Amino acid sequence: MSDRHDIPHESPADAPAHAAQTPQTTNTPHPAPTPPPISVLLDGAAEAALPVVRAVRDDQLGWPTPCSEYDVRALLNHLFQVVVAFQTLAAKKDVDFSRTPDRLAEYGAQWPDRFADETARLVEAWAAPGAEDGLTGGMQLPARTVGAMVLLDLTVHAWDVARATGRPYAPAAGCVAELRALAARMGPTARTMNVFAEPVPVPPGASDLEVLLAETGRDPHWTTG
C-alpha cells in the first residue's frame with residue numbers, strides 16, 4: 001500500500017487532472033514472521049513441564065500413560081534420555097539411543113532436580129551460536145528440525161505425564177504452532193518408523209493442542225479409565 005507521506009502536497013487548483021483519480025494500490029505480501037529461536041521455545045516448554053514432572057509421586061510411577069508402551073516411570077526415563085541426548089545433537093555430535101538408562105533409580109529422590117538441571121542444559125545447548133545451523137543427527141536432518149523434535153517430546157510427553165497423574169497442563173506459548181508444522185512435515189516418516197501412531201479424528205472446535213496430540217496418534221481425551 002502507498003505511504004501517504006510519499007505523495008507530494010498539491011492544492012486542488014494546481015493538481016493535474018489525473019490527481020483527482022483514486023491512486024492505485026498494490027497488495028505487497030508481508031514477509032512471514034521470523035519464528036522464535038528453538039532455545040526460547042524449549043525454555044518455555046521446560047517451564048510448562050517442570051511443575052508436572054515435580055508433582056509425580058512414587059506411587060504413580062507404575063501407572064499407565066497415553067503412550068501404551070510406557071508406564072510413568074519408563075516415560076520419565078525416556079524423556080530424561082531425550083533431554084540429555086539432544087544436548088549432544090545441538091553440538092552436532094553422535095548420540096547412542098540403543099539403551100535407556102534408569103536415571104530415576106540412579107538419582108533417587110533427587111531425580112526431579114536433576115531433570116530440571118538437564119532441561120536447563122538443553123536450553124543452553126540450543127542457544128549456543130550455530131546450534132540451529134547445518135545438519136545434525138544420524139539422519140542428517142536440518143538442525144532446527146532436530147531441535148523441534150526435542151521440543152515435541154518435551155511438550156507432548158509433559159502432557160502424557162499430566163494426563164497419567166491427573167495434573168493440569170498447558171503448553172508454552174508458540175510451541176504448538178511450531179510443532180504442528182513439524183508434524184505436517186515429518187508425520188508420514190514418523191508413522192513409517194512407528195514414532196507416531198495413525199492420526200486420531202478430532203471433532204470441530206478442537207484446540208490446537210488437541211489437534212497436535214491427535215496428529216501424533218494420541219487420544220486428546222485419554223484417561224486412566
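When reading the values below, keep in mind they use all heavy atoms of this one structure, side chains included, and skip hydrogens, waters and symmetry mates. Note that the numbering runs from 1 along the sequence shown for the chain. Fair warning: this is a prediction, and the values are worked out from it, not measured in the lab.
Crowding of E47 atom CD: a count of heavy atoms from other residues, nucleotides or ligands under 6.0 Å not exceeding 12. The 12-atom threshold is not exceeded at CD of E124, counting heavy atoms of other residues, nucleotides or ligands nearer than 6.0 Å. Residue D59 places its CG atom among more than 12 non-hydrogen atoms of other residues, nucleotides or ligands, all under 6.0 Å distant.
Under the 4.5 Å side-chain heavy-atom criterion for ILVMFWY residues, a single connected hydrophobic cluster contains both L152 and F97. V211 and L182 fall into different hydrophobic clusters, where Ile, Leu, Val, Met, Phe, Trp and Tyr are joined by side-chain heavy atoms under 4.5 Å apart, directly or via other members. Both W222 and V176 are part of a single hydrophobic cluster, where members link through side-chain heavy atoms under 4.5 Å apart. Linking Ile, Leu, Val, Met, Phe, Trp and Tyr residues whenever their side-chain heavy atoms come within less than 4.5 Å places L50 and W111 in a single cluster. Residue V40 is not grouped with residue I38 when hydrophobic side chains (ILVMFWY) are merged at heavy-atom distances under 4.5 angstrom, including chains of intermediate members.
Closest approach of A90 to A125, counting heavy atoms only: CB-O, 3.7 Å. Summarising the geometry of A131 relative to K92, their closest heavy-atom pair is O-NZ, 3.1 Å, with the distance given to 0.1 Å. The two residues D153 and V82 come nearest to each other via the heavy atoms OD2-CG2, 3.3 Å. Between V202 and A206 the shortest heavy-atom distance is CB-CB, 4.0 Å. The two residues A162 and P168 have their closest heavy-atom pair at CB-O, 4.4 Å. For R218 against C67, the heavy-atom pair with the smallest separation is NH2-SG, 3.1 Å.
S39 places no side-chain N or O within donor-acceptor distance of the main-chain N or O of V123, the cut-off being under 3.5 Å. Panel note: side chain W159, backbone L213; no donor-acceptor pair is recorded below 3.5 Å. At least one donor-acceptor pair closer than 3.5 Å links the side chain of Q81 to the backbone N or O of R99. When atom types are taken as modelled, the side chain of N77 and the backbone of L104 share a donor-acceptor pair closer than 3.5 angstrom.
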Practice problem: Please assess T223 against R163 for the test side chain to side chain contact (heavy atoms under 4.5 Å, CB included), listing each intermediate value before the final yes or no. | Solution: CA-CA 7 Å; T223 65; R163 295 297 289 187; 3.9 Å; yes
Quiz prompt | Chi angles and distances behind the side chain to side chain contact (heavy atoms under 4.5 Å, CB included) call for M149, F86 | solution = CA-CA 9 Å; M149 290 166 66; F86 277 73; 4.2 Å; yes
Practice problem: Give the C-alpha distance, both sets of side-chain angles, the deciding distance and a yes or no for side chain to side chain contact (heavy atoms under 4.5 Å, CB included) between H78 and H157. | Solution: CA-CA 9 Å; H78 167 72; H157 287 325; 3.4 Å; yes
Quiz item: For L76 and V161, what are the C-alpha separation, side-chain angles and deciding distance, and is it a side chain to side chain contact (heavy atoms under 4.5 Å, CB included)?
Solution: CA-CA 8 Å; L76 289 168; V161 175; 4.1 Å; yes
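Interatomic distance, SG of C175 versus CG of L42, reported as 7.5 Å (0.5 Å rounding). The structure places CG of L89 at 5.0 Å from OG1 of T136, a figure rounded to the nearest 0.5 Å. Rounded to the nearest 0.5 angstrom, L79 CG and T100 OG1 are separated by 11.5 Å.
Between L151 and T155 the shortest side-chain heavy-atom distance falls below 4.5 Å. With a 4.5 Å cut-off on side-chain heavy atoms, E215 and R180 count as touching. Residues L209 and P220 fail the side-chain proximity criterion, which asks for heavy atoms closer than 4.5 Å. Residues V146 and M139 have side chains not in contact (no heavy-atom distance under 4.5 Å, counting atoms from C-beta outward). Side-chain contact between L141 and L135: absent, with no pair of heavy atoms (C-beta onward) separated by less than 4.5 Å.
R167 and T165 are not linked by any side-chain donor-acceptor pair at a separation below 3.5 angstrom, with hydrogens and angles left out of the test. Side-chain contact, E118 with Q87: a donor N or O sits under 3.5 Å from an acceptor N or O.
Ring planes of F80 and Y107: tilted class, angle from 30 to 60°.
Residues R73 and D71 are not paired through a salt bridge, judged by the lack of any N-O separation under 4.0 Å between the basic side chain and the carboxylate. Electrostatic pairing of R144 and E178 counts as a salt bridge here, judged by a charged N lying under 4.0 Å from a carboxylate O.
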